[in-house]
Structures are given as C-alpha cells and as structure tokens.
Amino acid sequence: MRRSRYFLPTLKETPAEAQIASHRLMLRAGMIRQSSAGIYSWLPLGLRVLRNVEQIVREEQDAAGCQELLMPTIQPGELWRESGRYDDYGKEMLRITDRHDRAMLYGPTHEEVITDIFRSYIKSYRDLPKNLYQIQWKFRDEVRPRFGVMRGREFLMKDNYSFDLDKEGARNSYDNMYATYLKTFARMGLRAVPVKADPGAIGGDMSHEFHILAETGESAVYYDAAFDDVDLSGSAGSIAGLQSLYAAADDKHDAKNCPVPPERLRNARGIEVGHIFYFGTKYSAPMGAVVTGPNGESITVEMGSYGIGVSRLVGAIIEAYHDDAGIMWPAAVAPFQVGLINLKAGDAACDEACEEIYATFLEHSVDVLYDDRAESPGAKFADMDLIGLPWQVVVGPRGLKSGKIEIKERHSGERQELSRDALFARLPGDLDRGPGLALLAG
Ligand code: ATP
Ligand code: MG
C-alpha cells in the first residue's frame with residue numbers, strides 16, 4: 001500500500017477525550033473514529049488489526065472442533081420472553097419496535113437465538129456434542145461507555161455455545177475452551193490469566209474470566225504469585241493443574257477464606273478479554289432444547305457459553321504493547337509487517353531503490369506500507385513509530401551513496417545497516433505472518 005493513497009488520518013495532537021493510552025493511540029493512529037458515545041467506525045488501519053485478531057480467534061475455534069455460523073444482530077423479543085430474560089435484562093438492552101409493533105432488540109448476546117436454532121434441528125443424543133460459534137457485533141447500552149473500544153456500546157464478540165448430553169460432557173467442552181483461550185491469547189502475544197468468576201445461580205467452579213494484567217484494567221483480580229512463573233500458552237503443562245491455582249475476580253475473592261497465604265497473593269488490575277461459562281439447563285429447560293437419549297428418554301441439553309471481546313482485544317493489545325512514541329504491534333496482529341520509508345521522495349535514486357524494494361516485498365506477499373509522501377523525514381519517522389509496524393526499512397540519499405539501507409525493529413528500537421543485496425538475500429521465498437520478518441534482521 002502506498003501511503004500517499006492510503007486513507008490513514010494520523011493526528012499529531014493528543015485527543016483530549018481519551019484517558020488511556022490505547023484509546024489515545026487508536027485515535028492518533030487513525031484506526032477508529034467515534035460516531036456516537038461508545039460507537040465507532042473502524043478506519044482502514046484499525047480494520048486490518050481487527051480482522052487479524054478475528055482471524056486468530058477463528059482459527060483457534062476451528063482447530064478446537066467448533067463450527068462457525070452467523071446469527072442476526074436484531075432479534076425478536078419473544079425469544080427472550082421464553083427464556084425469561086426480556087424483562088430482567090434491563091436498560092443495557094436496546095429495544096426496538098418494528099413497523100408492525102413487534103418487540104425487537106439489538107442482541108447483547110445470543111443464547112436465545114442459538115438455543116432456538118438448536119431445538120429446531122437437533123433431536124438425538126447422537127448429534128451431541130455440538131459447539132457453534134459466531135463473530136458478530138453486539139450492542140449493550142453501557143451506562144458509562146469509555147476507554148474507546150475497550151468499553152463500547154457496539155462491540156465485536158466471538159461467542160461460542162456448547163451443547164452436551166450430560167454434565168461430564170459439558171465439563172469437556174468447558175476445558176476444551178479453557179485451553180483454546182490460552183492458545184488464542186498467546187498467539188496475539190498476550191498473557192491472559194484465567195481467574196475464577198462468579199458462576200451465577202448454577203454454582204460450581206465452571207466460570208472463568210481471562211484477564212490481561214494492566215494498570216488501566218477495570219477489574220481487580222487476585223492471584224497466586226505462582227501464576228507469574230507459569231507458561232500460559234496452553235501448549236505446555238497440564239490445564240487441570242492451572243485450574244487448581246488460585247485466581248479470582250474481586251466479586252469472587254474472599255480475603256478471609258483465601259487459600260493463598262498473604263505473601264503469595266498478588267492483587268492487580270485486569271482487562272477482561274474473555275469469559276467462559278457453564279450454565280447447565282438455564283436456557284435449554286425453559287426453551288425446550290431436548291434430545292432423545294439412547295433409551296428413548298428425553299434429555300434436556302447442558303449448555304455453556306464462551307465469549308471473547310474481539311474489538312476490546314485491539315485496545316488490550318495496545319495497552320500491553322506501546323511506548324511514548326506509539327504502538328508496537330506484535331507481528332501476528334500488525335496491520336502491515338513492514339513500513340518502507342522513502343526519506344527523499346522525488347530523488348531519483350531513492351525513488352528507484354524504494355520502488356524496487358516495494359515491488360519485491362509485494363512479490364513475496366509481505367504486507368508493506370510504503371511512505372512515498374513528500375513529508376519531512378521527522379514527520380515520517382514519527383508517523384511510522386506511531387502506527388507501530390514491526391519493521392521499518394529506511395531508504396535515504398546518504399545511505400544509498402554507500403549502498404546501505406537501514407532496518408529498524410520497532411519493539412527493540414535496534415537498527416542495522418544492510419546492503420540492498422543483503423536485504424533481498426534475507427527475504428525467504430514465502431514470508432508469511434508470525435515470526436516472518438525475523439529473518440530480515442538476520
Ligand atoms: P464486563 O464485565 O467487562 O462488562 P461482561 O462480563 O458483561 O463484560 P461478557 O458477557 O462476559 O461480558 O462478554 C464476553 C466478552 O465480551 C467480555 O469478556 C469482554 O471481553 C467483551 N465485552 C463485554 N462488554 C463489552 C463492551 N461493552 N465493550 C467491549 N467489549 C466488551
Ligand atoms: Mg464477563
């Protein structure tokens with residue numbers, strides 16, 4: 001992508017309304033634009049990141065045996081009357097009346113719709129278990145939308161629903177999602193601590209929230225210091241072991257009965273990026289989601305739901321990865337892998353070298369943003385640091401005279417000078433996402 005043609009409205013000034021780093025940086029980097037309180041447009045750069053996050057979530061859901069579908073944002077009120085939640089949900093639900101005076105609503109969540117789909121088609125125990133998910137916009141009329149996309153009113157969620165024959169099956173579905181969440185967040189470069197949450201009326205221990213620890217987090221979490229030494233990527237160690245380590249959200253934490261001695265108890269702020277929840281027959285019983293068992297008996301299915309805040313994650317990743325100059329994207333979610341800076345657009349040698357490098361990147365499917373504008377070098381450096389692409393390739397007249405091109409790694413700030421040939425020699429045949437350009441740095 002050529003920067004001169006790209007719609008990327010970066011801002012020099014810090015917007016006054018933004019209280020936390022991720023919100024400030026998303027506005028300054030031209031990622032989002034507020035439309036009304038808690039409701040945002042995603043501009044091209046922001047959308048690229050949102051899509052990358054979404055794709056990681058999707059790949060891990062698919063790998064865990066779940067199937068994607070897509071349910072409507074607008075739902076009929078009558079389904080919520082069946083589950084008994086229509087009146088209970090309160091003011092967070094945006095209620096709409098259609099032209100025939102039917103009660104409709106913009107879905108804050110989708111248990112009712114998925115249960116209705118399930119009961120319409122699935123009739124036999126042989127069809128269980130089932131794990132269905134979607135990535136869809138939700139609306140919750142939050143009292144205090146704030147912190148940009150972190151607490152929006154309209155936000156993108158991955159919501160998954162499991163259907164099992166019995167409690168043991170439901171436990172398997174739950175553990176499967178628990179492990180999947182750890183992998184999902186680790187792929188984005190995040191350490192998400194699974195903390196026990198309030199399981200609601202069902203009781204038991206099958207409700208966890210996944211928190212990114214950050215000072216700007218809205219929740220208080222308490223956890224065993226042992227967590228600090230644990231590999232949370234989900235690929236190592238026993239999950240069962242992890243679930244036995246103490247970590248609780250403040251509504252669940254009871255200082256008097258806490259099993260962790262005070263010297264080992266940590267108290268931190270967390271950003272809730274995911275929530276997994278077993279709720280038994282809470283919806284299947286009133287809505288009649290039943291299957292026929294092996295002996296012809298009728299069995300009310302056991303359900304769970306599993307959410308990930310996809311749009312909130314974009315903010316949470318920035319909270320974890322930024323410095324004074326701007327964002328520092330982990331490669332797995334970066335909007336482009338490389339920013340190519342032409343320090344003297346219009347200079348024949350610089351233009352020629354940049355065009356060649358740009359074409360070579362494209363040929364190797366490396367996502368590259370080429371800053372070909374006639375701006376000052378300082379402005380270009382500042383902009384590139386702000387939008388936080390993992391790699392910067394800097395081409396200027398002085399370097400070119402001695403045959404050198406500079407490479408900067410955004411995370412470490414490390415710079416290296418390479419010859420043009422060395423730069424290309426380090427391009428592997430099929431650079432893709434992930435460690436990808438690490439090869440570039442040699
Ligand atoms: P919170 O406690 O932050 O209000 P919640 O417990 O109401 O969230 P869930 O119903 O568990 O949220 O939704 C699943 C996920 O959706 C949450 O873990 C969070 O990451 C995300 N989410 C919830 N509300 C919002 C919001 N207003 N804006 C952005 N993301 C949200
Ligand atoms: Mg929650």
Side-chain angles (χ1 to χ4, degrees), residues 20 22-23 26 32 34-40 42 46 49-50 53-54 56-57 61 73 85 88-94 106-114 133-161 174 177-178 180-182 184-185 188 190 192-200 202 206-214 216-221 247-252 269-279 282-283 303-320:
I20 61 170
S22 57
H23 188 194
M26 287 182 79
I32 51 168
Q34 183 175 310
S35 165
S36 59
I39 303 180
Y40 291 87
W42 289 77
V49 180
L50 186 68
V53 170
E54 186 182 324
I56 291 174
V57 170
Q61 291 289 299
T73 53
R85 284 209 288 184
D88 291 354
Y89 212 91
K91 288 199 158 184
E92 275 191 12
M93 184 191 277
L94 180 65
Y106 194 125
T109 178
H110 281 73
E111 279 82 5
E112 281 78 0
V113 179
I114 196 79
Y133 78 98
Q134 66 171 348
I135 298 175
Q136 178 62 295
W137 294 92
K138 309 283 189 247
F139 193 93
R140 294 182 186 174
D141 205 349
E142 301 274 358
V143 202
R144 265 189 87 197
R146 56 178 184 158
F147 301 160
V149 299
M150 294 268 239
R151 182 164 297 284
R153 291 199 294 168
E154 189 183 53
F155 59 96
L156 190 60
M157 195 201 287
K158 182 284 298 177
D159 44 322
N160 178 330
Y161 305 90
Y174 186 89
M177 275 304 109
Y178 184 100
T180 298
Y181 274 35
L182 291 174
T184 303
F185 299 128
M188 297 170 195
L190 296 173
V193 178
V195 309
K196 289 203 171 73
D198 187 357
I202 311 291
M206 281 159 72
S207 174
H208 282 89
E209 292 169 358
F210 290 74
H211 284 266
I212 306 302
L213 303 182
T216 45
E218 288 188 288
S219 325
V221 296
D250 61 352
D251 54 1
K252 188 97 201 300
R269 308 295 301 173
I271 302 168
E272 184 193 321
V273 290
H275 192 172
I276 58 176
F277 199 75
Y278 161 74
F279 45 72
K282 184 173 175 195
Y283 303 96
M303 291 175 60
S305 75
Y306 315 89
I308 288 183
V310 176
S311 49
R312 177 178 288 181
L313 269 168
V314 176
I317 292 168
I318 298 175
E319 288 298 323

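The analysis underlying the following values was restricted to heavy atoms, covering all of them including side chains, and did not include hydrogens, waters or symmetry mates. Every number for a ligand or one of its atoms is a count from 1 in the order of the listing.
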**Complete:** Ranking Arg312, Glu218, Met157 by closest non-hydrogen atom to atom 19 (C) of ligand 1, top hit is Arg312

**Request:** Have a look at Arg140, Arg153, His211 and point out the one with the heavy atom closest to atom 9 (P) of ligand 1.
**Result:**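 Selected option, by shortest heavy-atom distance: Arg140.
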
Could you identify the single nearest non-hydrogen protein atom to [atom] and state the distance to 0.1 Å?
{"atom": "atom 22 (N) of ligand 1", "result": "Phe155 CE1, 3.5 Å"}
{"atom": "atom 29 (C) of ligand 1", "result": "Met150 O, 3.3 Å"}
{"atom": "atom 11 (O) of ligand 1", "result": "His275 ND1, 3.0 Å"}
{"atom": "atom 6 (O) of ligand 1", "result": "Glu272 OE2, 3.4 Å"}
{"atom": "atom 4 (O) of ligand 1", "result": "Arg151 NH1, 3.0 Å"}
{"atom": "atom 15 (C) of ligand 1", "result": "Gly309 N, 3.9 Å"}

Which of the atoms of ligand 1 are close to [X], meaning less than 4.0 Å from one of its heavy atoms?
{"X": "Val149", "value": "29 (C)"}
{"X": "Gly274", "value": "18 (O)"}
{"X": "Glu142", "value": "24 (N), 26 (C), 27 (N)"}

**Asked** Does the side chain to side chain donor-acceptor pair (under 3.5 Å) test come out yes or no for His110 and Gln136, once each step is laid out?
**Response** CA-CA 10 Å; His110 281 73; Gln136 178 62 295; 5.6 Å; no

Does the [X] side chain pair with the main chain of [Y], one donor and one acceptor, at a distance under 3.5 Å?
{"X": "Arg269", "Y": "Glu218", "result": "yes"}
{"X": "Arg151", "Y": "Arg146", "result": "no"}
{"X": "Glu209", "Y": "Val195", "result": "no"}
{"X": "Tyr181", "Y": "Tyr306", "result": "yes"}

**Message:** Taking the ring of Tyr174 and the ring of Tyr278, is the distance between their centroids below 6.0 Å?
**Reply:**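 No, too far apart.
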
**Message:** Less than 6.0 angstrom separating the ring centers of Tyr40 and Phe155, yes or no?
**Reply:**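 So the answer is no for these two rings.
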
Judged by non-hydrogen atoms, does [X] sit under 4.0 Å from ligand 1?
{"X": "Lys138", "result": "no"}
{"X": "Asp159", "result": "no"}
{"X": "Gly152", "result": "yes"}
{"X": "Val273", "result": "yes"}

**Message:** Test side chain to side chain contact (heavy atoms under 4.5 Å, CB included) on Gln61 and Ile135; report intermediate values, then the result.
**Reply:** CA-CA 11 Å; Gln61 291 289 299; Ile135 298 175; over 6 Å; no

**Asked** Counting no waters, what protein N/O/S atoms lie under 2.8 Å from the Mg ion (ligand 2)?
**Response**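 The answer is Glu272 OE2, His275 ND1.
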
**Prompt:** Side-chain contact, heavy-atom cut-off 4.5 Å: Phe279 with Met206?
**Reply:** no

**Asked** Between CZ of Phe147 and CE of Met26, what distance do you get to the nearest 0.5 Å?
**Response**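 The distance works out to 14.5 Å.
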
**Prompt:** Only one of Thr109, Thr73, Asp159 forms a side chain to side chain donor-acceptor pair (under 3.5 Å) with Lys138, so which one is it?
**Reply:**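 The residue from Thr109, Thr73, Asp159 that satisfies side chain to side chain donor-acceptor pair (under 3.5 Å) with Lys138 turns out to be Asp159.
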
**Message:** Determine whether Asp141 and Arg153 satisfy the following criterion, salt bridge (charged side-chain N to carboxylate O under 4.0 Å, His left out), listing intermediate values before the conclusion.
**Reply:** CA-CA 5 Å; Asp141 205 349; Arg153 291 199 294 168; 2.9 Å; yes

**Asked** Is the closest basic N to carboxylate O distance between Glu111 and Arg85 below 4.0 Å?
**Response** yes

